[in-house]
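Step one of this worksheet: look at the structure below.
Throughout, protein chains are lettered first and strands after them, A, B, ... in sequence-line order, and every chain is numbered starting at 1. Owing to the predicted nature of the structure, the values given are computational and were not obtained by experimental measurement.
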Protein chains: 2
Amino acid sequence: MGAPTGTGNQGRTLDRALDVLECLERARGPLRLSEIARESDLHLATTQRTVNQLVRRGYIQQDGLGYSLGPVILSLAHAFVVNDRLSTVATPILTELSASTGLTSSLFVRSGPERILVARVDGVDPLRYQFPIGRRVPLDLGGGKVLLAHDDDAELDAYLADLPDARLADGRVQTPADLRAELDRIRETGYHLAESERELGALSLTRPVPGHDGGAAAAINLVTTAETTTPEELLALLPEISRAAGAIGARI
Amino acid sequence: MGAPTGTGNQGRTLDRALDVLECLERARGPLRLSEIARESDLHLATTQRTVNQLVRRGYIQQDGLGYSLGPVILSLAHAFVVNDRLSTVATPILTELSASTGLTSSLFVRSGPERILVARVDGVDPLRYQFPIGRRVPLDLGGGKVLLAHDDDAELDAYLADLPDARLADGRVQTPADLRAELDRIRETGYHLAESERELGALSLTRPVPGHDGGAAAAINLVTTAETTTPEELLALLPEISRAAGAIGARI
DNA sequence: CACCTTCTATCATTCAGTGATAGTTACTAT
DNA sequence: ATAGTAACTATCACTGAATGATAGAAGGTG
């Protein structure tokens with residue numbers, strides 16, 4: 001409690017404020033001041049000052065039940081969607097991809113140990129499981145793997161070091177070693193076909209979006225269900241999705 | 001430049017960071033470090049530290065052209081949309097309202113001297129002018145007036161004091177005195193019918209959403225165009241929109 | 001090769017953030 | 001009513017983190 005935040009103590013104030021915001025992001029409902037303090041591991045007084053300041057600015061709102069994120073967040077998000085180069089470039093290409101394949105397509109980018117869905121275009125048969133824009137999910141399941149595959153070995157080892165076993169949606173258990181093997185395969189083939197990893201019955205085919213530096217900060221995928229599509233049928237769309245990924249990469 | 005930020009100097013660090021974010025929100029493209037420093041009136045070194053920290057956290061991203069908002073913003077926005085009581089309560093009611101009237105309906109909340117569009121449900125004939133979710137607009141034009149009307153006189157006078165004349169979309173000029181008179185009318189009638197204020201040819205009918213405290217932090221409106229609807233026809237929907245506003249107010 | 005811009009790194013100073021504590025308000029239970 | 005509890009606010013001395021002036025590295029341009 002009394003100990004330093006842990007990161008290394010520099011730029012403390014701002015980091016703490018962002019911790020507070022992200023603590024409210026994770027919350028499933030309004031949080032009390034004391035709950036925020038506990039969750040973010042801050043002194044109550046510090047929490048109070050920070051929260052009040054964010055309230056004043058509209059980043060947090062308060063009601064009788066506690067504090068939650070405020071509407072100003074939406075303004076920022078709007079500005080992001082309108083301005084983001086990747087997002088604006090990708091949307092028409094994804095639209096085309098979804099039109100020609102009939103499947104839902106989406107674009108996500110890496111953010112630390114997670115990926116964030118940045119854009120999505122629905123297919124003709126809407127998926128029962130709607131993956132919402134802005135959603136954060138870990139990298140070790142589904143399409144996130146193609147982003148991991150582009151890490152160099154040092155980063156990868158660091159990531160895998162303290163990674164717990166993952167339980168896939170169909171019950172399989174994925175150990176870090178399993179993941180490592182799969183990433184090696186992805187490094188060779190350049191794509192990933194996921195079956196029931198994040199969601200039971202979901203199939204996805206993912207390709208990285210090449211950046212100038214050779215890395216892949218983004219990826220796109222096509223999603224469908226095992227009921228309507230076989231893995232082979234989905235894999236047959238590899239040329240299409242690859243073309244789209246290339247087109248996006250070329251324009252950023 | 002060297003002078004204090006202006007607010008009164010407390011909670012400086014965080015305020016400055018938010019200034020940086022909002023400066024990027026207003027920007028129409030990537031900004032260089034020096035531009036951010038100039039826009040937010042900060043020392044370059046301070047700007048650098050702040051920006052780098054926000055980059056590390058994913059709130060800002062950097063490309064060859066400069067800095068812009070980052071994808072983590074989207075995550076926060078997603079959490080807001082999912083959790084926000086007002087937003088989730090209002091959406092189904094707006095859906096019903098749009099279904100029964102055939103018009104686009106929307107919900108916005110106040111944020112300082114502006115309002116922010118929080119939810120929108122499109123009508124049968126989609127408007128050519130799409131008002132995007134998260135968009136910030138001033139309070140002195142269109143539906144924002146019903147929010148202003150709920151301020152007490154002291155707040156109102158302060159607001160009107162340094163308000164410049166506004167130019168409506170159809171060319172009319174609205175002085176603070178005009179606005180004041182209109183707000184008095186709204187206080188009596190409880191609604192506002194706007195014609196070509198923000199957008200030429202647009203008609204909107206706005207009602208406040210009553211809060212527990214008697215105030216109105218939110219409002220909903222119906223939007224259409226002069227081509228398809230007369231003011232009288234729109235005004236005839238007042239009972240409908242009032243019912244919807246009441247229903248939302250009752251559930252928060 | 002000199003020039004300019006962008007961004008990064010360093011460091012002494014000092015002032016803003018910190019956190020312990022006390023106070024206020026409001027609600028619940030008895 | 002009265003005590004008790006929880007949520008939030010306010011105060012203030014201390015100190016260490018943010019500050020900003022300056023110098024430096026990296027990258028491009030005429």
Looking only at side-chain N and O atoms, does A:Thr13 come under 4.0 Å of OP1 or OP2 in D:dA18?
-> yes
May I ask you to verify if any side-chain N or O of B:Arg16 is less than 4.0 angstrom from the OP1 or OP2 atom of D:dT19?
-> yes
State, with a plain yes or no, whether a side-chain heavy atom of [X] is found less than 4.5 Å away from one of [Y].
| X | Y | value |
| --- | --- | --- |
| A:Lys145 | A:Leu179 | yes |
| A:Glu39 | A:Ile36 | no |
| B:Leu97 | B:Val121 | no |
| B:Asp84 | B:Thr88 | no |

Begin with the C-alpha distance, continue with both residues' side-chain angles, and end with the deciding distance and a verdict on salt bridge (charged side-chain N to carboxylate O under 4.0 Å, His left out) for B:Arg12 and B:Asp19.
-> CA-CA 10 Å; B:Arg12 196 163 54 154; B:Asp19 285 343; over 6 Å; no
How many whole angstroms separate atom [atom1] of [X] from atom [atom2] of [N]?
| X | N | atom1 | atom2 | result |
| --- | --- | --- | --- | --- |
| A:Leu42 | C:dG19 | CG | P | 8 Å |
| B:Gln10 | D:dT11 | CD | C1' | 11 Å |
| A:Asp15 | C:dG17 | CG | P | 15 Å |

Identify which nucleotide among C:dA16, D:dA21, D:dA17 has an atom closest to any side-chain atom of A:Arg12, counting heavy atoms from C-beta outward.
-> D:dA17
Through what angle, rounded to 10 degrees, does the axis of the helix from C:dC1-D:dG30 to C:dT30-D:dA1 turn between its ends, using five pairs per end?
-> 40°
Of A:Ile93, A:Thr206, A:Leu94, A:Val118, the one forming a side chain to side chain contact (heavy atoms under 4.5 Å, CB included) with A:Ile220 is A:Leu94
Result of checking A:Leu69, A:Val72, A:Leu24 against B:Phe80 for side chain to side chain contact (heavy atoms under 4.5 Å, CB included) | A:Leu69
For A:Pro210 and A:Ile252, the nearest pair of non-hydrogen atoms, with its separation, is O-CD1, 4.4 Å
Report, as a single string ordered 5' to 3', how protein heavy atoms within less than 4.0 Å touch nucleotides 3-10 of chain C: B base, S sugar-phosphate only, - not at all.
-> ---SSBB-
